[in-house]
Amino acid sequence: INKLQRSENKRGYRPTLNKILQYYDRKTTMITLDQKLLALGVKLNCIIGRDVHIEKIENLEQLKQNLVIDVLKGWNEEKIADSLILDEYRKLHQIVIGQEGDKHLSSPESLVRYILKNKRFININNIVDCYNLISVKYQIAIGTHDLDRTEGKLKIAFIDGTEKFIPLGFSKETTVPRGAYAFIDNKDILCLLESRQSDKTKITPKTKRFITYLQGNAETSQEYLDLA
């Protein structure tokens, strides 16, 4: 971000979110997507970050403040309900787990609702804050995980309800709905649906490598994911 800010300042304009992420290596084969989910319109883009530093960056703080202003001015319950992208996540949850799907909001919807309620941004660290910004801006579900804490192959697949899942901020396992889909490695659920991340692979000051995936749906084209 600092490198980008210096180059943009010479031209007289501020960095944009999509340009910030161009400094990372883009990969598309790190995560296997279940073919049934592909048929339901689920799409993926992946980004690998290496040699990262968890630190406070003033440029990012300004972007966060600007986003809060935009959400408070432009979002309300009606817009949330009318968003085709957010509604498609709701439909996906209902397709796979029925009425229980209504309990699981997609991450972009949860973020918008948090800002509307608290009138501020969720501040975690520069990596998480950056992808949360993009998630709100494009209404796309995004997950980021410490790559060195994953075990084996990564995939988004359907689960049978017996898998191990410790949600972010918790120390004990919780039950998961049978038939839901999740981002998983060889041992654990790393993110349930596109709603709840695990504690296992959270981004911390010790993180040096991470994987970020942007998860679209039938209302987002592949070009839209690329733009985000």
Side-chain angles (χ1 to χ4, degrees), residues 27-48 85-111 113-114 122 124 127-128 131-132 135 139-204 207 209-220 222 225 228:
K27 300 291 183 182
T28 57
T29 58
M30 287 290 295
I31 301 174
T32 301
L33 178 63
D34 189 288
Q35 290 297 307
K36 292 181 180 178
L37 289 170
L38 188 64
L40 289 172
V42 176
K43 305 173 183 69
L44 287 180
N45 261 7
C46 298
I47 301 167
I48 306 298
I85 297 175
L86 297 183
D87 189 53
E88 186 62 27
Y89 288 123
R90 299 184 203 110
K91 290 178 181 177
L92 276 172
H93 298 173
Q94 291 168 354
I95 288 172
V96 297
I97 55 176
Q99 291 185 343
E100 189 174 353
D102 295 335
K103 302 177 184 178
H104 301 272
L105 297 180
S106 65
S107 55
E109 180 171 345
S110 293
L111 287 166
R113 290 185 177 278
Y114 180 92
I122 301 176
I124 308 297
I127 302 300
V128 177
Y131 81 72
N132 279 342
S135 181
Q139 303 167 53
I140 288 178
I142 302 178
T144 294
H145 301 264
D146 189 321
L147 198 54
D148 294 315
R149 294 185 61 82
T150 62
E151 301 176 76
K153 296 181 179 179
L154 302 174
K155 58 185 177 180
I156 296 180
F158 290 98
I159 57 176
D160 61 20
T162 64
E163 292 84 356
K164 178 182 177 182
F165 180 52
I166 300 178
L168 183 64
F170 290 77
S171 58
K172 296 182 179 179
E173 291 184 37
T174 188
T175 57
V176 293
R178 178 184 176 88
Y181 55 86
F183 177 51
I184 59 179
D185 62 11
N186 284 356
K187 292 187 64 177
D188 304 302
I189 293 175
L190 306 182
C191 186
L192 180 62
L193 299 168
E194 53 293 292
S195 303
R196 202 171 187 186
Q197 185 170 325
S198 75
D199 199 74
K200 172 182 175 180
T201 52
K202 65 185 178 185
I203 304 298
T204 73
T207 299
R209 297 192 307 151
F210 67 81
I211 182 168
T212 292
Y213 65 94
L214 294 80
Q215 183 178 322
N217 56 43
E219 291 294 336
T220 61
Q222 191 61 51
L225 283 188

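The basis for the numbers below is simple: all heavy atoms, side chains too, and nothing from hydrogens, waters or symmetry mates.
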**Q.** From CA spacing to verdict: side-chain hydrogen bond (donor to acceptor under 3.5 Å, both in side chains), Asp146, Thr207
**A.** CA-CA 6 Å; Asp146 189 321; Thr207 299; 2.9 Å; yes
Q: Inspect the contact between Asp185 and Lys200 and indicate whether a charged nitrogen and a carboxylate oxygen are less than 4.0 angstrom apart.
A: yes
Looking at side-chain heavy atoms only, is the closest gap between [X] and [Y] below 4.5 Å?
X	Y	answer
Tyr131	Leu214	no
Thr32	Ile156	no
Pro108	Ile140	no
Ile189	Phe183	no
Tyr181	Lys36	no
Ser195	His93	yes
Asp199	Ser171	no
Ile211	Leu154	yes

At what distance, to the nearest 0.5 angstrom, does [atom1] of [X] lie from [atom2] of [Y]?
X	Y	atom1	atom2	result
Ile166	Lys202	CD1	NZ	10.5 Å
Met30	Leu44	CE	CG	12.5 Å
Lys164	Ile184	NZ	CD1	14.0 Å
Lys153	Ile31	NZ	CD1	14.5 Å
Leu37	Gln215	CG	CD	7.5 Å
Leu168	Gln197	CG	CD	6.0 Å

Q: Keeping the roles fixed (side chain from Lys43, backbone from Gly41), state whether a donor-acceptor pair exists under 3.5 Å.
A: yes
Q. Within the distance-only criterion (no hydrogens, no angle test), does the side chain of Thr212 pair as donor or acceptor with the backbone N or O of Ile47 below 3.5 angstrom?
A. no
Q.
Is there a side chain to side chain contact (heavy atoms under 4.5 Å, CB included) between Ile85 and Glu88? Walk through the geometry before answering.
A. CA-CA 5 Å; Ile85 297 175; Glu88 186 62 27; 5.8 Å; no
Q: Go through Gln139 and Tyr89 one step at a time and tell me if the side-chain hydrogen bond (donor to acceptor under 3.5 Å, both in side chains) criterion holds.
A: CA-CA 10 Å; Gln139 303 167 53; Tyr89 288 123; over 6 Å; no
Over all atoms of both residues, closest heavy-atom pair of [X] and [Y]:
X	Y	result
Ile97	Ala180	CG2-N, 3.5 Å
Leu86	Ser106	CD2-OG, 4.0 Å
Ser135	Ser107	OG-OG, 4.3 Å

Q: For Arg178, enumerate each residue passing the side-chain hydrogen bond (donor to acceptor under 3.5 Å, both in side chains) test, keeping only those at least two apart in sequence or located in another chain.
A: none
Q) For Leu40, which of Asp34, Asn217, Leu92 qualifies under side-chain contact (heavy atoms from CB on, under 4.5 Å)? A) Leu92
Q. What residue among Ile48, Ile127, Leu147 forms side-chain contact (heavy atoms from CB on, under 4.5 Å) with Phe210?
A. Ile127
Q: Would you verify whether the NZ or CZ of Arg196 falls within 45 degrees of the ring axis of Phe165 while also being under 6.0 Å from that six-membered ring's centre?
A: no
Q: Could you walk me through whether Lys187 and Glu163 pass salt bridge (charged side-chain N to carboxylate O under 4.0 Å, His left out), step by step?
A: CA-CA 8 Å; Lys187 292 187 64 177; Glu163 292 84 356; over 6 Å; no
